[in-house]
Amino acid sequence: METPTQQVYIEDLGKHDGQRVLLRGWLYNLRSSGKLHFLEVRDGTGIVQAVVFAKEVAPELFAAAGKLSQETSIEVEGTVRKHPKEGYEVGVSALRVVAAPTAEYPISPKEHGVAFLMDHRHLWLRSKRQHAILRIRAEIVRAVRDFFDGRGFTLVDAPIFTPSACEGTSNLFEVGYFEDKAYLTQSGQLYMEAAAMALGKVYCFGPTFRAEKSKTRRHLTEFWMVEPEVAYMDLAGDMQLAEDFICFIVQRVLERRRPELAVLERDVSKLENIKAPFPRITYEEALEILKAGGKEVPFGEDFGGDEETVISEKFDRPVLIHRYPRAIKAFYMKTDPTDARLALNVDVIAPEGYGEIIGGGQREDDLAVLEEQIKKHELPREAFEWFLDLRRYGSVPHAGFGLGIERTVSWLCGLHHVRETIPFPRMLERLTP
RNA sequence: UCCACCGUGGCCUAAUGGCAAGGCUCCCGGCUGUUAACCGGGCGGAUAGAGGUUCGACUCCUCUCGGUGGAGCCA
């Protein structure tokens, strides 16, 4: 009497060497050589080669195996053994088709263009590369939570619907809200300030939306951001937190996602370099670097992608640039008490040209100054009355930052475009699938 | 919003004023260790759409649609 064979996931095959196992998955690719077939089977945890020998199975089974088409869902029974070259393979003894594709699978294991792949994103996710990226993304998200949870932060969810802009109304998605209008959030920032006054150390983590008509490798209209905010923390503390945070994430990915980094052919030595302390330079020092690099920028202007790349190339790890001109930063940034032209903010530029991954700083805690900034930025005062309350009732120095998940994933994975870092990217000109 | 480039079988490319070519997928056949397997054969498109120049347009011009990259802006 045979006992039912136990289902085993491909990533666990090494623990079952010599045993008979059941794989349940999909056919990734098939190679055939007359009297034997090599089935590449994937099950979500990995890919393994299943070998069908003509003389080991019934002729019908052998013939059927040779006719399987790509992405047929199949159950395979067989014995785990060492692969002649590396890892493990499964010697097939039984095979069952769960469902045969009703049409030819569009994505062959050959080259395809970006537009075609994006149109088939729902299927593209099945490929090795996308599988690796999504697993690294999940690991980064887990690291984000572990970092803050492990440091006594409280997760506080910010709303998605907001009544007005955080920093101006030009680039928000407007949606109907019963008889009224609402906007999709572009930052949980202001709400985290309120939460920090209640809970001390807080963070939010969720999607944010920008209706900016940007068509670059660094932009999505919907992306995920993690935003910590801490009461009684100043700019120096904020920079320290950002540095610790990035180191933690990079370390975690190196510890747990080596195989996925290998699939992506990521140069991990570049990531192994990412150790504290990170260089900290002022905006004005950054201007000097740009001048020396032949990219002179006048005081008062922000940096574009090219400028960020020139600066990041000077260092082998993320660089913290602090104290930008007050005028080009958000209304809630605290003015530098030692130089009123500057804000107590910090941007973190990732290495290898991946651009800004963090923006943050110390917040303006003086009621009068904040009121003046709202006026200067021509923001509707009424919408910010609740925010001003935070300064009326026990205002304290506080600081925080926002880290863009997709740019971080893109950097750690060594990708060329953020669209591959999120399962279903939302971009200008792309809302499907 | 602006700038540049691209659009050729299901997919990736070639042909740049003269008979639309090749590879992959797919189908048929072969091969007992393949690795985006390989070998042989077959099916499949009148070149995104409209108009124009020309004896002749995939190729040059105009417009439209779609895509890609970048600028601005940002994470």
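Keep in mind that what you see is a predicted model, and the values were worked out from it rather than measured.
Look at the P atom in both B:rU68 and B:rU25: the space between them is 27 Å, to the nearest Å. A gap of 11 Å separates the C1' atoms of B:rA57 and B:rU16, to the nearest Å. Here the separation of B:rC12 from B:rG70, taken at their C1' atoms, is 25 Å to the nearest Å. Look at the P atom in both B:rA21 and B:rU47: the space between them is 14 Å, to the nearest Å. When the P atom is compared between B:rA20 and B:rC2, the two are found 39 Å apart, to the nearest whole Å. Comparing B:rG72 with B:rU54, their P atoms sit 45 Å apart, to the nearest whole Å. Comparing B:rC55 with B:rC11, their C1' atoms are spaced 37 Å from each other, to the whole Å. For the C1' atoms, the distance from B:rG40 to B:rC31 is 12 Å, rounded to whole Å.
Residues A:Tyr283 and A:His322 keep their aromatic ring centres 6.0 Å or farther apart. Aromatic pair A:Phe303/A:Tyr324: ring centres closer than 6.0 Å.
Across A:Lys329, A:Lys376, A:Arg326, A:Lys334, a single residue satisfies salt bridge (charged side-chain N to carboxylate O under 4.0 Å, His left out) together with A:Glu364, and that is A:Lys334.
In this structure, the CD1 atom of A:Ile107 is 16 Å from the P atom of B:rG10, given to the nearest Å. Computed from coordinates, the A:Asn29 CG to B:rC24 C1' distance equals 12 Å when rounded to whole Å. One can place CD of A:Glu301 at 16 Å from C1' of B:rC74, the figure rounded to the nearest angstrom. Note: CG (A:Leu320) to C1' (B:rA75) measures 15 Å, nearest angstrom. Between A:Lys213 atom NZ and B:rC73 atom P the separation is 17 Å, expressed in whole Å. Going from atom CD of A:Gln186 over to atom P of B:rC73 covers 15 Å, rounded to whole Å. The CG-P distance, from A:Leu36 to B:rC31, rounds to 12 Å in whole Å. In this structure, A:Ile357 places its CD1 atom 14 Å from C1' of B:rC74, rounding to the nearest Å.
Listed pair A:Arg419 / B:rG69 meets the phosphate criterion, a side-chain N or O lying under 4.0 Å from OP1 or OP2.
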Please tabulate, one pair per line, all N/O donor-acceptor pairs under 3.5 Å involving side-chain atoms of residues 87-101 of chain A, not counting sequence neighbours.
unit_1  : atom_1 : unit_2  : atom_2 : d
A:Glu89 : OE1    : A:Gln49 : NE2    : 3.2
A:Glu89 : OE2    : A:Arg81 : NE     : 2.8
A:Glu89 : OE2    : A:Arg81 : NH2    : 3.1
A:Ser93 : OG     : A:Arg20 : NH1    : 2.9
A:Ser93 : OG     : A:Glu77 : O      : 3.3
A:Arg96 : NE     : A:Glu75 : OE1    : 3.2
A:Arg96 : NH2    : A:Glu75 : OE1    : 3.0

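A side-chain donor-acceptor contact under 3.5 Å links A:His398 and A:Glu193.
The partner of B:rC63, taking Watson-Crick or G-U wobble pairs whose two distances both stay under 3.5 Å, is B:rG49. Pairing of B:rC55, defined by two Watson-Crick or G-U wobble distances under 3.5 Å, is identified with B:rG18. If you check B:rG72 for Watson-Crick or wobble pairing at under 3.5 angstrom, you find it has no partner at all.
With rounding to the nearest 0.5 Å, the separation of OG1 in A:Thr221 from CZ in A:Arg426 is 8.0 Å. From A:Lys314, atom NZ reaches atom OG1 of A:Thr309 across 14.0 Å, with rounding to the nearest 0.5 Å.
When the side-chain hydrogen bond (donor to acceptor under 3.5 Å, both in side chains) test is applied to A:Arg323, the partners found at least two apart in sequence or on another chain are A:Asp336.
Stacking between A:Phe38 and B:rG33 is absent: the ring centroid is not both under 5.5 Å from the six-membered base ring centre and under 30° in plane angle.
In this model, no side-chain donor or acceptor of A:His37 finds a partner on the base of B:rU32 within 3.5 Å. In this model, a side-chain donor or acceptor of A:Ser214 finds a partner on the base of B:rG72 within 3.5 Å. Scanning atom types as modelled, one donor and one acceptor separated by under 3.5 angstrom connect the side chain of A:Arg407 and the base of B:rC74.
Listed for the A:Asp238 side chain is a donor-acceptor partner under 3.5 Å among the backbone atoms of A:Gly361.
The stretch residues 110-125 of chain A comes close to RNA chain B through A:Lys110, A:Glu111, A:His112, A:Gly113, A:Ala115, A:Phe116, each having a heavy atom under 4.0 Å from the strand.
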